[in-house]
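The structure appears right after this line, and notes come after that.
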Amino acid sequence: MKLIKLTAISAAVLASTAALAADPVIVVDDNAAVAYEAEPVAVAYQAEPASYAYDADAGVVSNTTGAVVGGTKGFFNKVVNPASVSAEVGTLGYGANIGWSLNEKTELQAGWAGGDVADLFGGDFDADDVNYDVDSDFSNPYLGVQLRPTGNWFTVGAGIIVPDNDFDVTANSEGGTYKINDVSYNADEVGTLQGTMEHRNKLAPYATIGFRPNITNNFGLFGEIGAAYMGKTDATVNATDPDSLVSISNGVSDVPSGLTAGDVAKLAEQELEDKDWLEWLPIVKVGATYRF
């Protein structure tokens, strides 16, 4: 019996060590103890498929400084590296502009045109029955967009001009008189009528159509026509001797008018403002473009 007991104990130890199975079962019958070895049970564990993938960056705020700096750098490079430069001459004056290509059909432009371009408008104009010689001093900085809606030479432009245009005017007498409001005043008594004009708009919208053919990969020409709304006109007219009395000429003799030369100048000033010369300023310009 002792041998059986020792054998059972040894078997139980070996079984538990080798197989990590269940403990042996010992049955005691009267004075005899019999050990039965439990068969090891094989248990299979099936790994459940993962229902999610672990993301080490989930919930972590990433450093976007590089993206922001990169975007800012790209914008800065676009600003300081324009796509084109152009020279132009036209009714806005002599000038130039630079352009930045936003895409294949859109270009942003910033430019300036100015100078004395009165001769482009004929150098004179009529306000009712009085003819005026004109000298001009233009300054027209502008910002606009050029579109190629069909992707070819045809262009459509729009933008804003910031006008600072001065006109110096001098009235020309005819037959020895200034005819204002259908009344002829003696020009010798009135003296010289001189003044200035300027438009009231501080911002003038404009629109153009044109063409921009490329002659080579880098060089091209352009032409545009359109108009800018300059607004109403403010005028100032002065006479040489504003206090001198002025006569009315009826073609045969002069009769007192009861007006002074200064009064006649005010009448001429009102006619100029009513004229609203170049309220709609025609835009006609040509030029050349160099593309980088």
Side-chain angles (χ1 to χ4, degrees), residues 89-95 113-140 161 163-202 204 206 225-286:
V89 58
T91 54
L92 292 177
Y94 308 92
D116 184 359
V117 294
D119 288 341
L120 295 176
F121 300 102
D124 67 327
F125 70 96
D126 293 330
D128 288 343
D129 296 314
V130 179
N131 178 264
Y132 291 88
D133 290 331
V134 183
D135 288 323
S136 63
D137 183 15
F138 275 18
S139 177
N140 290 303
I161 300 172
D164 184 13
N165 302 327
D166 296 324
F167 302 93
D168 294 326
V169 297
T170 302
N172 297 313
S173 61
E174 183 176 353
T177 64
Y178 295 112
K179 190 174 182 179
I180 302 172
N181 293 336
D182 296 325
V183 178
S184 297
Y185 299 96
N186 188 301
D188 292 334
E189 296 173 349
V190 172
T192 302
L193 293 176
Q194 292 181 319
T196 61
M197 296 189 311
E198 64 178 359
H199 293 102
R200 297 175 185 173
N201 280 9
K202 301 305 179 184
Y206 75 87
I225 59 173
Y229 182 67
M230 295 294 183
K232 302 294 184 179
T233 302
D234 288 328
T236 300
V237 178
N238 299 303
T240 305
D241 185 2
D243 296 326
S244 65
L245 293 175
V246 176
S247 301
I248 296 175
S249 298
N250 56 17
V252 178
S253 62
D254 292 345
V255 296
S257 67
L259 300 178
T260 65
D263 295 329
V264 175
K266 291 299 180 183
L267 294 174
E269 181 179 296
Q270 187 59 52
E271 277 194 343
L272 282 176
E273 292 188 349
D274 292 342
K275 172 71 174 178
D276 284 329
W277 188 58
L278 297 181
E279 177 181 2
W280 285 93
L281 177 67
I283 296 176
V284 179
K285 63 180 177 180
V286 294

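This chain uses plain numbering: 1 for the first residue, then up along the sequence. Quick caveat: nothing in here was measured; it's all calculated off a predicted structure.
A heavy-atom distance below 4.5 Å is found between the side chains of Met230 and Pro163. At least one side-chain heavy atom of Val286 sits under 4.5 Å from a side-chain heavy atom of Val89.
The distance from the CD1 atom of Ile283 to the CD1 atom of Ile225 is 10.5 Å, given to the nearest 0.5 Å. Taking OG of Ser139 as the start and CD1 of Ile161 as the end, the distance is 11.0 Å to the nearest 0.5 Å. Rounded to the nearest 0.5 angstrom, Asp276 CG and Met197 CE are separated by 10.0 Å. We find the CD-CG distance between Glu271 and Asp126 to be 11.0 Å, quoted to the nearest 0.5 Å. One finds the NZ atom of Lys275 at 7.5 Å from the CG atom of Asp128 (value rounded to the nearest 0.5 Å). If you take CG on Asp166 and CG on Asp135, they are separated by 11.5 Å, rounding to the nearest 0.5 Å.
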Yes or no on side chain to side chain contact (heavy atoms under 4.5 Å, CB included) for Leu267 and Leu259, after CA distance, side-chain angles and deciding distance? CA-CA 11 Å; Leu267 294 174; Leu259 300 178; 4.2 Å; yes

Residues Thr260, Leu245; criterion side chain to side chain contact (heavy atoms under 4.5 Å, CB included); working and verdict: CA-CA 4 Å; Thr260 65; Leu245 293 175; 4.1 Å; yes

Walk me through whether Glu279 and Tyr229 qualify under side chain to side chain contact (heavy atoms under 4.5 Å, CB included). CA-CA 6 Å; Glu279 177 181 2; Tyr229 182 67; 3.0 Å; yes

Let's go through Glu269 and Thr236 carefully: what are the C-alpha distance in whole Å and the side-chain angles of both, what is the deciding distance for side chain to side chain contact (heavy atoms under 4.5 Å, CB included) to 0.1 Å, and is it a yes or a no? CA-CA 6 Å; Glu269 181 179 296; Thr236 300; 4.1 Å; yes

Let's go through Ser247 and Glu189 carefully: what are the C-alpha distance in whole Å and the side-chain angles of both, what is the deciding distance for side chain to side chain donor-acceptor pair (under 3.5 Å) to 0.1 Å, and is it a yes or a no? CA-CA 7 Å; Ser247 301; Glu189 296 173 349; 3.1 Å; yes

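Residues forming a ring-ring contact (aromatic ring centres under 6.0 Å, His included) with Phe138 (at least two apart in sequence, or on another chain): Phe167. With sequence neighbours excluded, the residues satisfying ring-ring contact (aromatic ring centres under 6.0 Å, His included) with Phe125 are Tyr132, Trp277.
A distance-only check finds a donor-acceptor pair linking the side chain of His199 to the backbone of Leu278 [under 3.5 Å].
In this structure, Ile248 and Ser257 approach most closely via the heavy-atom pair CG1-CB, 3.3 Å. A pairwise comparison of heavy atoms in Ala118 and Ser136 identifies N-OG, 3.1 Å as the closest pair. The shortest heavy-atom contact between Ser173 and Ala187 is CB-CB, 3.7 Å. Thr91 and Pro282 make their closest contact through OG1-O, 2.6 Å (heavy atoms, listed as atom of the first residue, atom of the second, distance).
No side-chain donor-acceptor contact under 3.5 Å links Thr170 and Asp133. No side-chain N or O of Thr233 forms a donor-acceptor pair with one of Glu273 less than 3.5 Å apart. For the residue pair Asp137/Asn165, the side-chain donor-acceptor check at 3.5 Å is not satisfied.
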Under 3.5 Å, side-chain donor or acceptor atoms of residues 174-185 against the rest of the protein: list the pairs with distances, not counting sequence neighbours.
from, atom 1, to, atom 2, distance (Å)
Thr177, OG1, Glu174, O, 3.1
Tyr178, OH, Gly191, O, 3.0

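Here Asp234 pairs with Arg200 in a salt bridge; the nearest charged N to carboxylate O distance falls below 4.0 Å.
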